[in-house]
Structures are given as C-alpha cells and as structure tokens.
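What follows is a single structure, written as structure tokens, with notes after it.
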2 protein chains.
Amino acid sequence: MQGGTFLFQLRYFCMNNRQNKFQMKRGVTLKDIAQKLNMSVSTVSKSLSNDPSISPPTKARVKKLADEWNYIPNEAARHFKLNRTYTIGLIIPNLMDQYYALAINGAEKVAGQHQYNVIISQSHEDPEREDKIVDLMLRNRVDGLLVAISKNREDMSVFKKTTYTGIPVIFFARPPKEDGFDAVISDNEHGAFKATEFLIKKGHKRIGHIMGPESMSVSYTRMEGYRRALDKYKLPYNSALVKSVDFTQEATFSAMRRFMKMVTPPTAFFAFKNYIALDAIEYLKRKHPAMLRKIDFAGFGNLPLLQYLDHKPVASIEESSYEMGEEAARLLLRTIHEEAPEEGRPVQHIQISCRLLAHK
Amino acid sequence: MQGGTFLFQLRYFCMNNRQNKFQMKRGVTLKDIAQKLNMSVSTVSKSLSNDPSISPPTKARVKKLADEWNYIPNEAARHFKLNRTYTIGLIIPNLMDQYYALAINGAEKVAGQHQYNVIISQSHEDPEREDKIVDLMLRNRVDGLLVAISKNREDMSVFKKTTYTGIPVIFFARPPKEDGFDAVISDNEHGAFKATEFLIKKGHKRIGHIMGPESMSVSYTRMEGYRRALDKYKLPYNSALVKSVDFTQEATFSAMRRFMKMVTPPTAFFAFKNYIALDAIEYLKRKHPAMLRKIDFAGFGNLPLLQYLDHKPVASIEESSYEMGEEAARLLLRTIHEEAPEEGRPVQHIQISCRLLAHK
DNA sequence: TTGTACGCGTTATCAA
DNA sequence: TTGATAACGCGTACAA
C-alpha cells in the first residue's frame, strides 16, 4: 500500500470537491467508508473496534478499505463526545531553562503513558501573558493544568477560578505564596541547608546568600535553609549578607558589586540557583579575577551545561526536575480521574527530595 | 464577581449530578444559558458573537448571565464543527538542545499570532518514536506538522502519507535527504564556508572537520562548505581530516583521539555544531591540556551557554533558530490556508542566512 | 448480525 | 428579532 494508495487518496479527495477551504474534508471518516461499502456507520465503527457482534467477513471488508483509504480515527471527535480532550496544559516561565525542559520531559512521559497529550506554553515571567495562556487553554478544554508560575504573580484568582470550574491545577517547582493549592516542589529548605552546610564544612565562615526574587515564596524557603545551616554551626546570621536578585544578569552583577565592596566580602556564596551563580562567577571574572579561585559557590540546579565550565559552583543541589515533572503529571492525572471533584478534598503537597552533588 | 460567583458555580455543578465521572459536565454551555433564560441556543450563540440581528436588551441579558456563570466557549466543539483544530504539531529531536528551544519560541510566537495552538513532542532521535508521534498527532487532527527529523530517519513514507492526506508538513533545521519536501533551513553551506574561512584567515593551514552523522543530509552540506573554503584558499582537501560523529560524547572523544594520534594533528577544527566542539574541547582538557590554547574551534550554533565558558570556540555560526521557527510556522500556516492543496504545487524551500560571530 | 437513533457544543441556514 | 434544525465524527444503547 505504497505509492498507488497515495494516488488513490488524491483522487478520492478530488471527488468531494468543496470550494470552501474551511469546509474541506480533512481525512476519511467512518461515513465515507460506510457509504462506499453500503453499510451503516455503526457497523463500520464496530468492525474497526473489533466488536464481537460483527461477522468476520464484514470486518475484513471494512478493515481492508480502511487500510486502503488510510483511515485515521478522529480522536477529537471521540473526546468531544466524552467531554474531555485528553490534553493537559503545561505552563512554564521559559523553555530555555534546562530545568523546565527536563521537567517537561518527565511530565510528557507520564502523560504519554496515559494517552494524554501535552500542550506547552511559556509565560516568559509575565503574569498577564500567563493569564491569557490559562484562558486559551481553558477555551480549548484542557483536562488539567500543570503550572510553574511566573515570578511576579501576585493575584491567584485565575487559578482559583480554574479550580472551581472543575479543571484541576497542579503547581510545580514554584508554588504560589498563598496556601490552598496542590503542588509538587523540591525539598527546598533542606536542599538549601545542605548546600550551605557544604560550604561551611569546606571551612567558610562568611557565607553570602544570593537570594531569589522577593515575590517568590521559594526564595524565602531557601533562605530559611541557609539560615538554619548557619544556626546549626553557630555562625551569625547577617542580613547584609543576603541580597535578592531577579534572575537578570544586571541584578546579579549589582548584588555582587555590593558584596565585593564590603570591608570583608563573603568567601563563599549560596545562590538561589546556579544560573545566578554563573552570572556571579562571570562578574568576578570581569572585575575581580584574582578572587575567582578563592570564592566558592553552591546553588540549586545541576545543569548539564555545568560539565563544560572551568569555573563552576563547587556543589549543586540536584533538583530532579525530571522526577518533579513526572510527579506533577501523576498527581494531576490522579486528580483528573478522581470522582466528584466538587467535594472538599485536602490540599495535596508532594515534596521531592534534593541531593547534594559536589563537583569535580 | 469573585467568591460569590464561585460558590454559585459549585452549586450549579452539584445540581446536574451525573454519577459517571466521564460524563461529568465540564463547564457551562450555551444550552445551560439558553435554558435559564428561556431562549434558544442559537439566540445565545448569536448574542455572544455580537450578531447584529439580536436586540441589545437580549444581548445584555445573555452576556450578563454568561459572565456570572463564567461561560467559557468550547473551542474544541467549535473546531470540531469547522473540521480543523487550529493546532499545529511540532516534532523535534530534543528539548534540551537550546537550538530547538529557541526555534520553538519562534514558531509559537507566529502560531499564537494566528490563534493556533502548538503541541510539542520529542523524538529523542528515534525514528520509531517519531512515527508514533506523527500517528498520534494525525489522530488528534493537527492542522499541520513542523518537523526537525531525527538523525537516523531513512524511510520518509510516514511523511509522504501525511502530506498526501492533506496535512501539510514543513521540515526545518534538518531537511530530509530525499527531495520533494517543503523545508526551512539555514544556509548551511555558506555558513560552513564562513566558519572554515575564519579559521584559515586566522592562519590555520591544517583544519579538521568534525562532521555530523552520515545519515543526515546537512552533514554533507556543511562538509561541502568546508571543502569549498579549503579550495578557495588553495588548501588541500584531505579526507583523513574529516571524521563523522553521532552527537554522543563518546563518538566525539573517539574522533578526537584519532585526530590527535596523527603525526601532525590539525591545528583547528570546524565542528558540525558547537555542542560537538564543546565535547572536543572537553577531550583536549582531559587528554591534551597543553594543546588547549593552541587549537581553535569553530562551529554551528551560537548557544547562550557559551558566554559562561573559558575555553570556547573562537567563532560560531549564528543560525537564527528563532527566526527559523518563525519562518517555518509562517510557511506552514500559509500552506494550511492555501486553497486546493490537491493541486500540484512547487516544493517550497526557504533558506535562512547565517552570520559568523567571532567570540571574545 | 446489522441498522437506527441519539448526543456531545457549536454555528450556519433557513423559517417564523 | 428570534427559533428550529442540521451538521461536524464518533460511540453506543437499543431495535430489527
């Protein structure tokens, strides 16, 4: 059924010539097959789904023609009837961040295992854009939403609305500040603790923290871990050693400038994430090359690109974002398949533990 | 219309209590609104689409209730009727490659501008998996396909079938070996020429080429550019200086091992792409640290991560993958909206020119 | 063993 | 100005 079939296909399409491109036939339907074979649509439908009530010869005829005509079942129609699209929407800040790319892989895997499609969209850290994406996805009737919210998100009403409408939303990586939402997150506090502890054990007494944006709750959680580590090892906490950045290179440069201007700058930094640490290292390269080898960094995110770097963090907190994507998707599917989502259900939280990874 | 509305929503959902979770109502419909207001569905539909034949008071009543009940139009149903899903499928080898991540951004932008959704899937360089993805996407009736084929793809029949069925396919970045397919690609030969020329002008006389997989046509195109540059500058072409790899680190290491074993190893390399150059540099770091500063690399792909590297290629060929994604999506949408796709149409090719980018 | 009828949410057409 | 009806592709309960 190679070339010949294709030509036949072409003829077939030419036959039902509809002028309007928007009404153009886009694929063979059960009806087409039924007409050709002089039988009813339901017989064709049953034949193709191997219904035992259909006689083998009939089945054979149907399957033969379906094959020749290259029939492809229309899942959209099937789902339409079921009132579900078997599609989940995935909203992330940025595809270029390998962390999210990995999480997507995990989510896609789980979704695929359950015959779900995934549609991905990026907020580019813009809450307004995020709102539009949610709206678009709801219009397209995704069965659920997987969201790593943009860093400046304040108003959670869109997501509340979504949940109340019966479309479950699972947050991952970046939980909302507000309580009451299902979420899958890393064990951020413990990870931060371990990273800081690693630096302390390496002998550092004065450790700075390049904190994440103040608009994100994770920033505080990680800061708390940093603080707990200092406490445990009887090091003083000094708020001057904590500076918040917004992920832009400029912000990190500016923070580093202020750090390095101090009378006694920190000898090590725990960074909210390693993309930030890389910018901080870049700053040292440009402005304080002599310090490069004296200052240690540790941060979240064991990025594949780290392997190529000469100057890199001494330790990373491996966040298992692939696993997080998997877990988030699993939780979402579970929620989707739950009975009676109207009933009150406890908020679900899943924590993925982090691993400390010393480099070199 | 905050909290109160939501509660109402809840009650609303509880009222039509259907046991079966698969038949559960998932959102307010036109019918619901029509029933409540004692009018026909068509009136409601027209009111919401601002049909001039509906009286302003009626429109107002409808819109008010639609708002209160938080009506969200069901695009799936709408598309179902129109026989199109306003969704395009995007198949790439790997999301972790920033090159594709950027291309996706470009494609998404253009698709979004035309109210199209994008569903993304990764082949992970596995043709079989790619086949399954195509099948799945066709079952879901995407309106068109954007594909960067996996490196080992030999049999193009799936895509032929797709095209003949009336679903346009645009290839990008990696065109098929076979002719006859629409594609958007970089000006690979010229890019390769410029990269090699750059190395020559830097004084190198013995330039190796770490070639891409032999299964990919682009590999030959880039090799041709390399060869043309040698020719132009009267340097001898030596097939021993060309070694093909398959993107794995092991393959690149092995190629470099053979290169460095030569009596006079190359003093510079033109790499099929910079991810390969990075592995080659990594090899030198481990095995020939002394040579690190003496050997130059140039390759395709100006990756954002390059900025953080100490040892990096001296030049990159900027492929404008964002632009390529845009162009590919544009071409696809144009093809989708074409009248009479049955008619013979010349194969469409778009070339994106590359820019040489010297680093540091 | 096969066919008929219906419904999913929406829009377009035609009738009232 | 509004309403009734058909249609999109499919599955299924029920009738023949």
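Throughout, protein chains are lettered first and strands after them, A, B, ... in sequence-line order, and every chain is numbered starting at 1.
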So, using salt bridge (Lys or Arg N to Asp or Glu O under 4.0 Å) as the criterion, who are the partners of [X] when residues are at least two apart?
| X | value |
| --- | --- |
| Glu130(B) | Arg153(B) |
| Glu154(A) | Lys177(A) |
| Glu326(A) | Lys109(A), Arg330(A) |

Bend angle of the helix from dT1(C)-dA16(D) to dA16(C)-dT1(D), from helix axes over five pairs at each end, nearest 10° =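 Here the helix ends are tilted 60° relative to one another.
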Do any side-chain nitrogens or oxygens of Ser53(A) fall under 4.0 Å of OP1 or OP2 in dT1(C)?
->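 Result: no.
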Once side-chain hydrogen bond (donor to acceptor under 3.5 Å, both in side chains) is applied, do any residues pair with [X], and if so which ones, sequence neighbours excluded?
| X | result |
| --- | --- |
| Ser47(B) | none |
| Lys59(A) | Asn50(A) |
| Asp135(A) | none |
| Asp182(A) | Arg345(A) |

Mapping Lys59(B) and Ala77(B) onto DNA chain D by nearest heavy atom, which one lands closer to the 5' end?
->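 Final value for this comparison: Lys59(B).
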Heavy-atom donor-acceptor pair, Asp32(A) side chain to Thr29(A) backbone, under 3.5 Å |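 Yes; judged by distance alone, with no hydrogens or angles, the pair exists.
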Kindly say whether, by distance alone, the side chain of Ser42(A) makes a donor-acceptor pair under 3.5 Å with the base of dT4(C)?
->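 Checked by distance alone, the answer is yes.
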Where do N or O atoms of nucleotides 14-16 of chain C meet protein N or O atoms at under 3.5 Å, pair by pair?
none

